[in-house]
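Here is the structure we will look at, set down as structure tokens.
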Amino acid sequence: MLDKKFKELAEKMVAEMDLEEAASQIRFDSPAIPRMDIPAYNWWNEGLHGLARAGTATVFPQAIAMAAMFDVEALQEIGDVIATEARAKYNESRKRGDRDLYKGITIWSPNINIFRDGRWGRGQETYGEDPYLTSKLGVAFIKGLQGDGKYLKTAACAKHFAVHSGPEALRHGFDAIVSAKDIEETYIPQFQAAVEDGNVAGVMGAYNRVNGEPACASDFLMSKLEEWGFDGYFVSDFMALNDIHENHKVTKNAVETAALALKAGCDVNAGYTYLSIMKAYEEGLVTEEEIRKAAVHAYAVRAALGMFSDDVEYDRLGIDDLDTDESAALSYKASVNSTVLLKNDGILPLNVNKISKIAVIGPTATSVDVLYGNYNGLSSRCVTNLQGIRNAAGKYPDIRILYSEGSHLFEDRVQNLATPDDRISEALTVAEASDVVVLCVGLDSTIEGEQGDTGNAFAAGDKTTMFLPDAQRKLVEAVAETGKPVILVLNTGSAMDLSFEDEHFSAIIQSWYSGQAGGQAVADIIFGNAVPGGKLPVTFYKEGQQSDMTDYSMKGRTYRYLEQKPLYPFGYGLSYTKFEYSDMEIEEKKDGGVTATFTVSNVGECTADEICELYICSEAEKKLENGLNTNIEDINSLLDPDNQPKWSLAGFKRVNVEKESSVKVSIDVDEKCFTTVLENGERVKLRGSYMVYVGGQQPDERSEELTGGKCLSKEITR
């Protein structure tokens, strides 16, 4: 909650403005009010995985990669670094009268939408497919951005509220039809957590409609924010209000749209629709009170940031706090800990004593774009995959690195005048001359991302297939035919169908959009100087396992509802060591939750981090009795046993375990994790037995096949 004194200051300042001045302050590009000594301010800044679009900054791995760390403390620490750099840039810019966009301290991050479909181009911006994981990481990131000082360090903004995850090509006129159960169970829990647990200063609406209502002017969604006690500012996505009359056809023109949005609770307009707000006032569509109310909400946040104060503890930050050695070290650590080892037949880490030549092949080997992802800053310290491998191999004078581009990222040739597949012969020459191949493939933000930001006009930033582009598939198949051992390094912001690669290659490393030190991290993992530390925050489907992208039902989607066997499951990832779990005990807590305590033993060859995962099995709900904590008389009519999650993540903890040693781990499980969402969207507590699973993976058949291990399990009665 914003401090009362900031709200009072906002009320006082807005009261001193004339109405036209107050109306001007609810635009994202708020002009100066010279007579009140108020400077211009642009609300639009980005900090998804580093301060973005404003020049030099520390670039961390993309959000989906940070999710793979399953590390609340790390997300908060990274958020704090981003806030430091945003404040530093803000302080230095305003000294020079530069009040442009991307120079402010209202950060339009994190993106806490659910990555429900692996083809969505913006899925890379999220923390994956699970609402619990997204909630915990989102809250941690928000706390890092906002700090715990007298003033907000920066103002975080949870987006895009709500039910938003593609398709990108349709988003400006799309109506997401979704059940009450799916909304409550999947699409909004993380926003509730951002408000109630993270005290987030801002919430951004989405482009689409939700069950007929524009998301930026939805009575239903705004009522949820009110129910949760949200007291920050609500901002539209950029030009989303324009869509209301131009594409959704809910209103006739910008004047009607401005009135609809303002009355619904949209405080700040990213875009230009609120240029018509005074016209709406003159026509009697909005009141002076409604305009001033929105301005007060905006100014309370600006006051909380210390914009009208002289004693702000962050005003000392400046150029020396940008792009530091300490932030670079944190970025490298995040790159290592987010890397997911999907397959390893024993080739990793490399035995350098048996290698004289390493072939590095592929279009992403020298790419800086695959380090960045989208919504990124510019780093002064980028290390590509090829450079990282050269750096790591430099310690071994007898090892030579050979390189070939192999193919274009997605075109059928590298040189326009050449014949198709013009780099494959070179790639084969390099591969056959080497002892081992590091094959670098994937996507980048020019073909996977947000509509308008990509060159992928045929899908507006979304993927049309789960496979690699055809040019790279040809390269992959050609290299496989050489018979050389291959380590595949995959840079993407999403899941891919790697069925062929899994069958033919010795190792597969999912490196995501890996941050400024991504190439060094992957090289250190290959050479055994670091241990891969991530697990999948998304399911890796096989082509054809997902339903129509426009269908927002969760049936058959994500690990909780998928009935088919995926290629790689959510929560899966290998290590260079082996962990065993034992001695699980469950203790009831007074607040209705439980604490699971268990032992994790490192029985392998090296010290490493383990991500411990706790799941609650909803299969037990089939045994439930009729005694309920609800007023609903006929529970059976609202509880569809075929529309329940198989199990749900309810806790996780990242721990470091030295080799040949054990640690005792405790995970607290909130009472809410034992609730059930009925078909009407009501969340209830049902009496009966529940299964609690603990391990380094899901309790599913595919995870057991891949790891050779099983989760501990214990049945408890609630």
Side-chain angles (χ1 to χ4, degrees), residues 67-68 70 128-134 136 185-186 340-342 495 534-541 545 554-575 578-586 593-601 603 610-624 641-655 665-670 672-676 686 688-718:
F70 283 71
E129 68 184 39
D130 182 70
Y132 179 87
L133 178 64
T134 300
K136 295 300 183 183
E185 195 166 60
T186 298
V340 184
L341 183 60
L342 297 175
K535 296 193 179 181
L536 293 180
V538 289
T539 301
F540 271 47
Y541 303 97
Q545 287 187 328
M554 290 307 297
K555 290 182 179 179
R557 293 189 184 276
T558 76
Y559 78 94
R560 296 198 295 165
Y561 309 95
L562 183 66
E563 296 300 329
Q564 304 166 5
K565 189 182 293 188
L567 179 62
Y568 304 121
F570 173 94
Y572 164 71
L574 300 173
S575 179
K578 185 174 178 58
F579 298 98
E580 291 182 352
Y581 287 71
S582 61
D583 305 325
M584 180 168 67
E585 298 292 338
I586 305 290
V594 301
T595 298
T597 302
F598 50 91
T599 298
V600 180
S601 301
V603 297
E610 168 67 329
I611 296 169
C612 309
E613 305 168 35
L614 185 150
Y615 295 86
I616 294 177
C617 181
S618 58
E619 287 288 328
E621 290 171 4
K622 294 181 179 178
K623 305 177 188 177
L624 296 175
D642 295 324
N643 191 27
Q644 299 299 317
K646 293 181 295 185
W647 44 73
S648 298
L649 184 70
F652 60 89
K653 184 169 288 187
R654 188 182 188 102
V655 296
V665 179
S666 292
I667 295 178
D668 291 327
V669 181
D670 189 84
K672 187 176 181 180
C673 295
F674 291 97
T675 58
T676 297
L686 303 179
S689 58
Y690 293 79
M691 194 68 73
V692 177
Y693 293 97
V694 167
Q697 61 192 46
Q698 275 189 72
D700 66 303
E701 181 182 352
R702 180 59 176 156
S703 293
E704 292 176 3
E705 289 177 358
L706 289 166
T707 66
K710 301 187 75 167
C711 291
L712 301 178
S713 62
K714 187 175 287 290
E715 189 173 25
I716 63 174
T717 301
R718 307 292 289 163

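Just the heavy atoms: all of them, side chains too, but no hydrogens, waters or symmetry mates, feed the values below. This is a predicted model, so every value here is computed, not measured.
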Donor-acceptor check, side chain of [X] to backbone of [Y], threshold 3.5 angstrom: yes or no?
{"X": "Thr134", "Y": "Asp130", "value": "yes"}
{"X": "Lys653", "Y": "Ile611", "value": "no"}
{"X": "Lys710", "Y": "Glu704", "value": "no"}
{"X": "Arg718", "Y": "Ser689", "value": "no"}

Tell me, do [X] and [Y] make a side-chain contact under 4.5 Å, heavy atoms counted?
{"X": "Glu129", "Y": "Tyr559", "value": "yes"}
{"X": "Asp583", "Y": "Phe598", "value": "no"}
{"X": "Asp700", "Y": "Trp647", "value": "yes"}
{"X": "Ser575", "Y": "Glu610", "value": "no"}
{"X": "Phe652", "Y": "Cys612", "value": "no"}
{"X": "Lys555", "Y": "Tyr561", "value": "no"}
{"X": "Leu536", "Y": "Phe570", "value": "no"}
{"X": "Thr186", "Y": "Arg560", "value": "yes"}

Rounded distance [0.5 Å steps], [atom1] in [X] versus [atom2] in [Y]:
{"X": "Ile667", "Y": "Glu613", "atom1": "CD1", "atom2": "CD", "result": "9.0 Å"}
{"X": "Met554", "Y": "Asn643", "atom1": "CE", "atom2": "CG", "result": "10.5 Å"}
{"X": "Cys617", "Y": "Glu715", "atom1": "SG", "atom2": "CD", "result": "9.5 Å"}

Measure from NZ or CZ of Arg654 to the centre of the six-membered ring of Phe70, then state whether that distance is under 6.0 Å and the direction lies within 45° of the axis.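 That pair does not qualify as a cation-pi contact.
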
Please say which of Leu649, Val692, Val594, Ile616 ends up in a side chain to side chain contact (heavy atoms under 4.5 Å, CB included) with Cys673.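 Testing Cys673 for a side chain to side chain contact (heavy atoms under 4.5 Å, CB included) against Leu649, Val692, Val594, Ile616 leaves exactly one candidate, Ile616.
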
Minimum heavy-atom distance [X]-[Y], with the two atoms named:
{"X": "Ala67", "Y": "Pro537", "value": "CB-CB, 3.8 Å"}
{"X": "Ile586", "Y": "Lys714", "value": "CG1-CD, 3.6 Å"}
{"X": "Pro566", "Y": "Thr539", "value": "CB-CG2, 3.6 Å"}
{"X": "Val340", "Y": "Gly573", "value": "CG1-CA, 3.8 Å"}
{"X": "Leu614", "Y": "Ala596", "value": "CD1-CB, 3.5 Å"}
{"X": "Leu706", "Y": "Tyr568", "value": "CD1-CD2, 4.1 Å"}

Does any donor atom in the side chain of [X] or [Y] lie under 3.5 Å from an acceptor atom in the other side chain?
{"X": "Ser666", "Y": "Thr597", "result": "yes"}
{"X": "Ser601", "Y": "Glu580", "result": "no"}
{"X": "Thr707", "Y": "Gln697", "result": "yes"}

Give a yes or no on whether the ring-centroid distance for Tyr693 and Tyr615 is below 6.0 angstrom.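 Judged by ring-centre distance (under 6.0 Å), Tyr693 and Tyr615 do not meet the cut-off.
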
Test log, rule side chain to side chain contact (heavy atoms under 4.5 Å, CB included), inputs Phe674 and Val669: CA-CA 9 Å; Phe674 291 97; Val669 181; 3.8 Å; yes

Should Glu705 and Lys565 count as an ion pair when the cut-off is N to O under 4.0 Å?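 Salt bridge present between Glu705 and Lys565.
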
